[in-house]
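Single-structure report; data block below.
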Amino acid sequence: MSNTQFTPRRSCLYMPASNPRALEKAKTLPADTIIFDLEDAVAPEAKEEARKLACAALQSGEYGSRELVVRINSMDTPWFAQDLRQACLSQANAVLVPKILTADDIIQITDFMEDQDASLDIQLWAMIEMPEAIINLPQIAALASQRRLTTFVMGFNDLAKEMKAEHDRAIFAPVMIQAVIAARAYGLNILDSVYNDFSDPAGLERECLEARNVGFDGKTLIHPAQIETANRIFAPSAEKITEALAIIKAFKNPINAGKGAIVVDGKMTELLHLKQAKQTVALAEAIAAARH
Ligand code: COA
Ligand code: MG
């Protein structure tokens, strides 16, 4: 598997693969990731056509440096096997499987992927949107080291429905923290759920800030109007980059050679901050290099 840690995933835009206008439009949008949806956004009678359109789009080579992901139908549907087979052969960077319940689901899916072609450089992304998946988070995340699982994607529309809860963001705060901890414990990337009201930029901004502050890498989106906000909030700020560069420079200074803790800009700074600073700079460089 290629290293996916510093691939920018600030803005991950879903689009119904059955919508040719959206497929066309996505080639011009500054989203880091495009998610071709075969699941919730596609009606049952349009599933086969959506799969064909998604595969053709993925093979077109017209989406520049954007990361390309196919969200297939869940394991309990009649479309699952064919969706997964075609996704594996499609040049997608990742396949996103909804309604994951257990670690065994990940094993079955990745076994199936190996059977298609074990040499394929395609990641598995898992939707965390079912109560069972929340209970099983550590076991699911632990498979990241042995399997091609790289990324969790939260799905709060489905989780609210399954919980019989009101879709009120505040109720998901504990789950967001739990999921980030499970993801980070095993080196997974993690993306926030969607914000349905795409005509409310202030609400979107609030959700992006909440997610960024608990450690999410980016947010999944449903409309082009949401991309700019997510790109801005999930990118390291100019201030953070300046601070990171100052930390890297200070640790390189010969007077600090061999020290674990030094003073930078009046603050105690340790080797763990140097590691963080290097990550910030690597992400900023990856964002600058992507330029879509
Ligand atoms: N990806 C790419 N392009 C999109 C898009 C998306 N998610 N959503 C809208 N667009 C395009 C439209 O095709 C339109 O393009 P045009 O200028 O070529 O006509 C333009 O952006 C403006 O769209 P707008 O008229 O504001 O929205 P709409 O009424 O056409 O669509 C939704 C609204 C919600 C139906 C649509 O945004 C959508 O399908 N979103 C994704 C839903 C989804 O994938 N859900 C599953 C995950 S939760
Ligand atoms: Mg769903």
Side-chain angles (χ1 to χ4, degrees), residues 9-47 49-51 53-54 56-58 60 62-64 66-77 79-80 83 87 92 94-101 105 125-134 151-165 167 169 172 175 179 190-201 203-204 207-208 211 216 218-231 292:
R9 294 190 187 85
R10 298 164 298 168
S11 52
C12 304
L13 179 67
Y14 285 105
M15 54 182 188
S18 52
N19 180 348
R21 255 190 118 93
L23 295 183
E24 206 42 47
K25 180 112 181 162
K27 295 173 186 169
T28 67
L29 296 171
D32 288 333
T33 306
I34 303 289
I35 307 176
F36 296 79
D37 190 21
L38 306 180
E39 199 219 8
D40 286 341
V42 177
E45 53 279 13
K47 295 284 189 194
E49 180 62 16
R51 187 194 294 136
L53 287 172
L58 285 158
S60 70
E62 291 172 1
Y63 290 87
R66 296 168 188 82
E67 188 170 43
L68 303 180
V69 180
V70 197
R71 183 167 76 169
I72 66 171
N73 289 284
S74 58
M75 296 175 82
D76 59 349
T77 68
W79 305 290
F80 169 76
D83 282 358
V95 52
L96 171 58
V97 182
K99 306 197 168 62
I100 293 294
L101 300 177
D105 287 353
W125 291 16
M127 295 248 13
I128 303 301
E129 56 182 346
M130 300 297 276
E132 229 176 313
I134 308 296
T151 305
F152 279 168
V153 181
M154 305 313 289
F156 292 143
N157 283 328
D158 270 285
L159 189 59
K161 178 183 85 146
E162 295 295 320
M163 288 168 64
K164 301 189 179 174
H167 193 154
R169 177 77 162 177
F172 296 119
V175 167
I190 182 161
L191 305 172
D192 190 17
S193 186
V194 297
Y195 185 63
N196 297 334
D197 187 353
F198 61 82
S199 55
D200 172 17
L204 174 71
E207 287 208 354
C208 287
F216 280 81
K219 189 163 178 68
T220 50
L221 309 174
I222 50 161
H223 192 278
Q226 299 181 315
I227 298 170
E228 188 278 326
T229 302
N231 278 353
H292 11 257

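In what follows, every heavy atom counts, from backbone to side chain, and hydrogens, waters and symmetry copies are set aside. For ligands, and for the atoms within them, numbers begin at 1 and follow the listed sequence. Quick caveat, the model's predicted, so the values are computed rather than measured. For reference, positions follow the sequence shown, starting with 1.
Asp40 has its closest N, O or S atom to the Mg ion (ligand 2) at the position named OD2.
The option with the heavy atom closest to atom 2 (C) of ligand 1, from among Ala22, Ser18, Pro16, Ser199, is Ala22.
Distance screen at 4.0 Å: atom 25 (O) of ligand 1 has no protein heavy-atom neighbour inside the cut-off. In this structure, atom 34 (C) of ligand 1 has protein heavy atoms in its sub-4.0 angstrom surroundings. For atom 28 (P) of ligand 1, no protein non-hydrogen atom is found at a distance below 4.0 Å. For atom 40 (N) of ligand 1, a protein non-hydrogen atom is found at a distance below 4.0 Å. For atom 4 (C) of ligand 1, the nearest protein heavy atom is under 4.0 Å away. For atom 46 (C) of ligand 1, the nearest protein heavy atom lies closer than 4.0 Å.
At a threshold of 4.0 Å, the pair Lys99-Asp158 counts as salt-bridged, since one of the basic side-chain nitrogens sits closer than that to a carboxylate oxygen. Using a cutoff of 4.0 Å between basic side-chain nitrogens and carboxylate oxygens, Arg9 and Asp32 are not scored as salt-bridged.
Taking the six-membered ring for Trp and the full ring otherwise, the centers of Phe156 and Tyr195 sit at least 6.0 Å from each other.
Protein heavy atom in closest approach to atom 9 (C) of ligand 1: Pro224 CD, 3.6 Å. For atom 31 (O) of ligand 1, the nearest protein heavy atom (residue, atom name, distance) is His223 CD2, 4.8 Å.
Remark: distances from the non-hydrogen atoms of Asp40 to ligand 1 are all 4.0 Å or more. Within the structure, the closest approach of Ala26 to ligand 1 does not fall below 4.0 Å when heavy atoms are considered. Within the structure, the closest approach of Arg71 to ligand 1 falls below 4.0 Å when heavy atoms are considered.
Here the side chain of Arg10 pairs no donor or acceptor atom with the backbone of Lys219 at under 3.5 angstrom. The backbone N or O of Trp79 lies less than 3.5 Å from no partner atom in the side chain of Lys47, so there is not a single donor-acceptor pair. A side-chain donor-acceptor contact under 3.5 Å links Asp83 to the backbone of Asn73.
At least one N/O/S atom of Asp158, from backbone or side chain, sits under 2.8 Å from the Mg ion (ligand 2).
The shortest N/O to N/O separation between Asp37 and ligand 1 does not fall below 3.5 Å.
Near Leu13, meaning under 4.0 Å from any of its heavy atoms, are these atoms of ligand 1: 1 (N), 2 (C), 7 (N).
Between Tyr63 and Phe36, some side-chain heavy-atom pair lies under the 4.5 Å cut-off.
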